[in-house]
Protein chains: 2
Amino acid sequence: MAQAIRLHQVSPLKASCHQCSLSNLCLPLAIEENDLDRLEDIVQQGKIYNRGEHIFDQSTPVRSCFAVKSGSIKTSIITEGGEEQVTGFFMPGELVGLDSMSSENYACTAKALERTSVCEFPVDKLEELTGKLPELQHHMYHLMSQEIQNSHQLAMLLSKNTAEERIAALLLSLSSRFRRRRMSATNFSLPMARNDIANFLGLAVETVSRVFTRFQNQGIIRARGREVELLDVEALQMVTRDFARQGQ
Amino acid sequence: MAQAIRLHQVSPLKASCHQCSLSNLCLPLAIEENDLDRLEDIVQQGKIYNRGEHIFDQSTPVRSCFAVKSGSIKTSIITEGGEEQVTGFFMPGELVGLDSMSSENYACTAKALERTSVCEFPVDKLEELTGKLPELQHHMYHLMSQEIQNSHQLAMLLSKNTAEERIAALLLSLSSRFRRRRMSATNFSLPMARNDIANFLGLAVETVSRVFTRFQNQGIIRARGREVELLDVEALQMVTRDFARQGQ
DNA sequence: TGCTATACTTGATTTAAATCAAGGTGACTG
DNA sequence: CAGTCACCTTGATTTAAATCAAGTATAGCA
């Protein structure tokens with residue numbers, strides 16, 4: 001439904017992983033300088049999606065996985081009943097579609113949260129290449145296992161933690177991902193709506209809103225709309241850890 | 001703490017994937033008959049663990065992943081505070097440890113729920129082999145992506161579904177996994193305690209117990225301790241609504 | 001520029017499941 | 001074979017977050 005004006009080159013340009021500023025976060029980080037050409041050979045670079053456009057759709061044939069170059073993406077699964085579950089947010093340098101690797105159809109839908117550019121890796125070519133470059137294969141396994149761990153972490157959050165703990169954890173996760181990219185870890189703009197946060201964390205929007213105000217009143221964060229400033233990171237970490245202690 | 005009497009051969013026997021009754025569920029299913037020897041070369045077969053013994057421990061160096069041969073395994077992550085989150089149950093033919101593939105340390109602890117025998121695949125050897133056998137590599141990617149999907153399904157269950165829906169979904173998942181093994185899909189013995197079910201599904205034990213009795217009173221199941229009989233599978237599917245398919 | 005839709009916030013009430021509390025069942029053990 | 005322990009069930013009460021119900025801001029657009 002949001003497949004309208006998709007901007008991209010008619011013949012996609014060969015990517016230039018060599019010059020990419022994300023080469024220390026993305027797939028190139030696993031590859032020797034002189035093997036990088038082989039990755040460039042299979043990448044299609046620079047497709048740009050507008051806010052709300054779909055990068056791929058659940059239940060359509062898998063062709064590629066995608067690295068975020070700029071912007072951000074949310075993935076979600078839709079049930080038969082039309083209910084949505086947000087399964088992840090992806091920022092520059094991160095790989096989207098690992099849950100569909102080597103599957104027939106995409107397991108989720110990926111949607112641009114803002115104007116977003118991606119690099120596309122055709123799965124068949126990627127598999128072929130990882131068969132030849134053991135370090136790349138190793139890295140793929142690593143990324144996929146990380147993805148499983150992330151998802152287990154989310155399950156843990158959902159089943160054991162309070163609304164405040166979940167939101168604190170999300171803010172800290174975003175913070176550290178901004179830091180990885182050498183951006184401010186305390187002062188950033190949320191790429192997603194409250195609604196998406198709520199859905200992702202298994203909460204009602206109202207609850208998310210309330211927790212944001214509560215954190216603000218406690219002087220832990222400052223938030224106006226999507227602009228967020230973490231005023232007291234330690235306090236946020238305390239919020240997420242307080243829970244861990246209840247166990248004993 | 002449960003590392004006591006571990007029974008295994010001093011020099012592990014070479015596995016016989018050729019003769020294994022699970023070869024159509026386990027890794028061999030992705031391999032040509034004449035390449036099967038190469039898998040057998042790297043497998044260490046037949047370690048047996050007693051109920052409660054650990055197959056591997058969270059935060060210890062990753063050596064191998066494991067296929068369940070008989071019995072069953074639960075995996076869980078433990079927080080700093082000692083709180084446990086059960087992340088999965090594994091039955092014969094299923095692969096344990098994918099969340100730790102190509103990581104430094106195990107991301108979870110794997111524990112035998114009953115007397116359980118496993119086949120061990122050293123990760124380095126497995127990586128080497130998948131580099132040579134494209135179908136095996138493909139299958140590994142597939143299994144890992146399935147694992148991500150399963151975990152997303154779990155997250156969905158935890159964040160959107162009621163206690164009844166979660167338990168119905170688990171029962172149906174177990175049912176279909178028994179069927180895959182050509183065992184009764186309606187009459188089986190739960191390998192795990194109510195406590196583990198509760199933990200896995202993000203519920204209190206009391207709630208699990210209550211739902212079991214409720215289902216029983218409604219004539220949907222019959223349960224005596226761990227013995228379960230599904231009397232009305234359709235009703236169970238109705239309970240789960242959109243959430244029908246879990247496991248594989 | 002105002003209009004509409006979407007996003008966000010706040011308050012009151014309800015509810016599903018947790019927690020608290022107690023007892024039952026069965027299995028292994030000294 | 002009684003005793004202990006781990007596991008399971010049932011009932012009463014509490015609670016965190018959902019839902020219901022208005023609002024207010026904000027952005028996009030004609």
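This one's a predicted model, so the numbers in the text were calculated from it and none came from an experiment.
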Just how far, in rounded Å, is [atom2] of [N] from [atom1] of [X]?
X: A:Glu83; N: D:dA18; atom1: CD; atom2: P; answer: 13 Å
X: B:Glu227; N: D:dC8; atom1: CD; atom2: P; answer: 12 Å
X: B:Glu165; N: C:dA16; atom1: CD; atom2: P; answer: 11 Å
X: B:Asp196; N: D:dC8; atom1: CG; atom2: P; answer: 9 Å
X: A:Glu114; N: D:dA27; atom1: CD; atom2: C1'; answer: 16 Å
X: B:Ile197; N: C:dA17; atom1: CD1; atom2: P; answer: 16 Å
X: A:Asn217; N: C:dG11; atom1: CG; atom2: P; answer: 10 Å
X: A:Phe212; N: D:dA17; atom1: CZ; atom2: P; answer: 15 Å

Which angle, to the nearest 10 degrees, lies between the helix axes at the two ends of the helix from C:dT1-D:dA30 to C:dG30-D:dC1, each defined by five pairs?
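The angle, to the nearest 10 degrees, is 30°.
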What pairs with [X] under side-chain hydrogen bond (donor to acceptor under 3.5 Å, both in side chains), at least two apart in sequence or on another chain?
X: B:Ser159; value: A:Gln85
X: B:Asn199; value: A:Lys160
X: A:Arg63; value: none
X: B:Glu114; value: B:Ser72

Evaluate the side-chain proximity of B:Arg166 to B:Leu158: yes if any heavy-atom separation is below 4.5 Å, no if none is.
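The answer is yes, as the side chains (C-beta and beyond) meet within the 4.5 Å cut-off.
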Side chains of B:Val86 and B:Phe89, heavy atoms from C-beta outward: is any pair under 4.5 Å?
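Answer yes - side chains close enough.
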If you compare every side-chain N and O of B:Thr207 against the phosphate oxygens of C:dA16 (OP1, OP2), does one of them come in below 4.0 Å?
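The answer is no; no side-chain N or O of B:Thr207 sits under 4.0 Å from OP1 or OP2.
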Return the polar atom pairs (N/O with N/O) between nucleotides 3-8 of chain C and the protein under 3.5 Å, or none.
unit_1 : atom_1 : unit_2   : atom_2 : d
C:dC8  : OP2    : A:Arg194 : N      : 2.8

Name the residue closer to the 5' end of DNA chain D, choosing between A:Arg224 and A:Ala204 according to the nucleotide with the nearest heavy atom.
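The residue whose closest nucleotide sits nearer the 5' end is A:Ala204.
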ring-ring contact (aromatic ring centres under 6.0 Å, His included) against A:Phe212, all qualifying residues, sequence neighbours excluded
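Testing A:Phe212 for ring-ring contact (aromatic ring centres under 6.0 Å, His included), a comparison that skips the adjacent residues, returns none.
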For A:Phe66, check ring-ring contact (aromatic ring centres under 6.0 Å, His included) against everything at least two apart and list the hits.
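For A:Phe66 the ring-ring contact (aromatic ring centres under 6.0 Å, His included) partners, ignoring immediate neighbours, are A:Phe56.
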Which one, D:dT10, C:dA17, D:dT19, comes nearest to the side chain of B:Ala163?
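Closest nucleotide to the B:Ala163 side chain: C:dA17.
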Check the side chains of B:Ser76 and B:Thr87 for a donor-acceptor pair under 3.5 angstrom, ignoring hydrogens and angles.
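No.
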Can a donor-acceptor pair be found between the side chains of A:Ser173 and A:Arg177 at a distance below 3.5 Å?
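Yes, side-chain donor-acceptor contact under 3.5 Å.
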How would you list, by chain and number, every residue that makes a side chain to side chain contact (heavy atoms under 4.5 Å, CB included) with B:Ala204, sequence neighbours excluded?
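With sequence neighbours excluded, B:Ala204 shows a side chain to side chain contact (heavy atoms under 4.5 Å, CB included) to B:Glu206, B:Thr207, given in chain and number order.
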Indicate yes or no: does B:Glu164 engage B:Arg214 in a salt bridge with an N to O separation below 4.0 Å.
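Salt bridge flag = yes for B:Arg214 with B:Glu164.
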Are there any protein N/O atoms within less than 3.5 Å of an N/O atom in nucleotides 28-30 of chain C, and if so, which ones and at what distance?
none

Is B:Ser100 reaching over with its side chain to a backbone N or O of B:Ala107, donor-acceptor style, under 3.5 angstrom?
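Flag set: sc B:Ser100 to bb B:Ala107 pair under 3.5 Å.
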Quiz: residues 188-196 of chain A side-chain donor-acceptor pairs under 3.5 angstrom, not counting sequence neighbours:
unit_1   : atom_1 : unit_2   : atom_2 : d
A:Ser189 : OG     : A:Glu227 : OE2    : 3.2
A:Arg194 : NH1    : A:Gly225 : O      : 3.3
A:Arg194 : NH2    : A:Gly225 : O      : 2.7
A:Asp196 : OD1    : A:Lys74  : NZ     : 2.9

Can you check nucleotides 20-25 of chain C for protein contacts, nitrogen or oxygen pairs under 3.5 Å, and list what you find?
unit_1 : atom_1 : unit_2   : atom_2 : d
C:dC20 : N4     : B:Glu206 : OE2    : 3.1

